[in-house]
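Report on the following structure.
Numbered from 1 within each chain, the chains take letters A, B, ... in sequence-line order.
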There are 2 protein chains.
Amino acid sequence: MMDPRTQARLAIRANVFKALAHPSRLFMVEQLARKSCCVCELTEMIGADMSTVSKHLSVLKGAGIVADEKRGLQVHYRLKMPCVLRFFDCVGEVVETNAKEEWELVKR
Amino acid sequence: MMDPRTQARLAIRANVFKALAHPSRLFMVEQLARKSCCVCELTEMIGADMSTVSKHLSVLKGAGIVADEKRGLQVHYRLKMPCVLRFFDCVGEVVETNAKEEWELVKR
DNA sequence: AAAATACTTGGCTATTTGGCCAAGTAGTGC
DNA sequence: GCACTACTTGGCCAAATAGCCAAGTATTTT
């Protein structure tokens, strides 16, 4: 019946996945993997309101995936847990396999 | 400004993460990694309504993470993309690091 | 063919999430 | 101190998610 400890462990882990479960946040992680950026740079690239971007970043920060540091007027974010990049290969594989299978179904 | 192709690519990938972003679904993936199960077994373990479990499974199936097969009255699900298990090590690492840091803050 | 089992799907409600705008905070430069 | 820039936070609304119950489907059993 799934004891409370297991339940709690899974809930905490689910939060990490939840943090990555948004296109803009994936984009941010990819960018930050290349180089640290201030909020303004990411805002520019994504093209949403800065407040929106800031909130996304705080979700990633809350999950422990990125870290921030104030430099003068700007706040710079960096990828704190580069191991999340390892996810992306597998996700790419999943997506590719799905697409191939769907194609096979529709093809004829 | 994030072109539509990038946008679409990220949205598809985000769906895979979204599928994993729930405690019960993580539990299912872990179980299915050990052995294939029917819906009834997972329902028993999780302790929710069978309809709820069935819906969770269809989310995982929609993301291409699991596959199903009917055997008599039962439907058996299996882990189709075992590479998602590789995520779990990193997620564990993230969670552990977060916990350690939070502890350092509260300690004194 | 009727009953039982193992699911899935539809309907409903409560909660969460995502977005923008407006207002607040924190440094910088005059 | 006052204005300016770079953020963050609160408020609000629209949309998505998660849960249960009830109803529907498919297969087996009697």
Side-chain angles (χ1 to χ4, degrees), chain A residues 1-2 4 7-8 10-29 31-32 35-63 65-78, chain B residues 1-2 4 7-8 10-29 31-32 35-63 65-78:
Chain A
M1 251 271 202
M2 206 150 82
Q7 179 75 36
L10 291 170
I12 293 171
R13 290 179 174 226
N15 277 333
V16 178
F17 286 107
K18 227 182 274 183
L20 293 168
H22 190 286
S24 300
R25 293 198 292 263
L26 284 183
F27 181 82
M28 291 168 181
V29 170
Q31 285 309 310
L32 296 179
K35 80 178 215 353
S36 297
C37 298
C38 63
V39 183
C40 49
E41 288 174 294
L42 293 167
T43 299
E44 166 97 48
M45 290 190 266
I46 290 171
D49 197 281
M50 185 183 272
S51 69
T52 302
V53 173
S54 174
K55 277 176 186 170
H56 280 311
L57 284 166
S58 86
V59 170
L60 289 171
K61 185 183 163 187
I65 296 167
V66 304
D68 62 340
E69 187 200 347
K70 184 139 200 180
R71 288 189 215 162
L73 277 179
Q74 302 182 336
V75 178
H76 282 254
Y77 281 85
R78 67 183 175 81
Chain B
M1 250 268 200
M2 207 149 82
Q7 179 74 37
L10 291 170
I12 293 171
R13 290 179 176 226
N15 277 334
V16 178
F17 286 107
K18 226 182 274 181
L20 293 168
H22 190 287
S24 300
R25 292 198 292 263
L26 285 183
F27 181 82
M28 291 168 182
V29 170
Q31 285 308 310
L32 296 179
K35 79 175 211 4
S36 297
C37 297
C38 63
V39 182
C40 50
E41 288 175 295
L42 293 167
T43 299
E44 166 97 48
M45 290 190 267
I46 290 170
D49 196 281
M50 184 183 272
S51 69
T52 301
V53 173
S54 174
K55 277 177 186 170
H56 280 311
L57 284 166
S58 86
V59 171
L60 289 171
K61 185 182 163 189
I65 296 168
V66 305
D68 61 341
E69 187 199 348
K70 185 139 200 178
R71 288 190 214 160
L73 277 178
Q74 303 182 337
V75 177
H76 282 254
Y77 280 84
R78 67 184 175 79

Handout entry: Non-hydrogen atoms of A:Ser36 and A:Arg78 that approach each other most closely
Key = OG-CB, 3.2 Å
Problem - Contact letters for nucleotides 2-7 of chain C, in which S counts primed atoms plus P, OP1 and OP2 and B counts the base, heavy atoms under 4.0 Å - result: ---BSB
Fill in the blank from the handout: Nearest-nucleotide check on DNA chain D, B:Ser51 vs A:Ser51; residue mapping nearer the 5' end is A:Ser51
Exercise for the section: Using a 4.5 Å cut-off on heavy atoms from C-beta on, say whether the side chain of A:His56 contacts that of A:Met28. Expected result: yes
Heavy atoms only, 4.0 Å cut-off, all strands: where does [X] land among base, sugar-phosphate and nothing?
X       : value
B:Lys61 : nothing
A:Ser24 : nothing
A:Arg25 : sugar-phosphate

Problem - Toward the 5' end of DNA chain C, by each residue's nearest nucleotide, A:Asp49 or B:Thr52 - result: B:Thr52
Practice task
Find which nucleotide of DNA chain C each of A:Lys18 and A:Lys55 is nearest to by heavy atoms, and output the residue with the more 5' nucleotide.
Solution key: A:Lys18
Practice task
Grab the CD-P distance between A:Glu69 and C:dG27 for me, whole Å please.
Solution key: 13 Å
Exercise for the section: Whole angstrom is fine here: how far is it from NE2 in B:His22 over to C1' in C:dT17? Expected result: 14 Å
Practice task
Mark yes or no for whether B:Thr52, through its side chain, and B:Ala48, through its backbone, hold a donor-acceptor pair below 3.5 Å.
Solution key: no
Handout entry: Main-chain N/O of A:Lys55 paired to A:Ser58 side chain as donor or acceptor, under 3.5 Å
Key = yes
Practice task
Taking heavy atoms of chain A and a 4.0 Å limit, find me the 5'-most and 3'-most nucleotide of DNA chain D within that range.
Solution key: D:dT5 to D:dG11
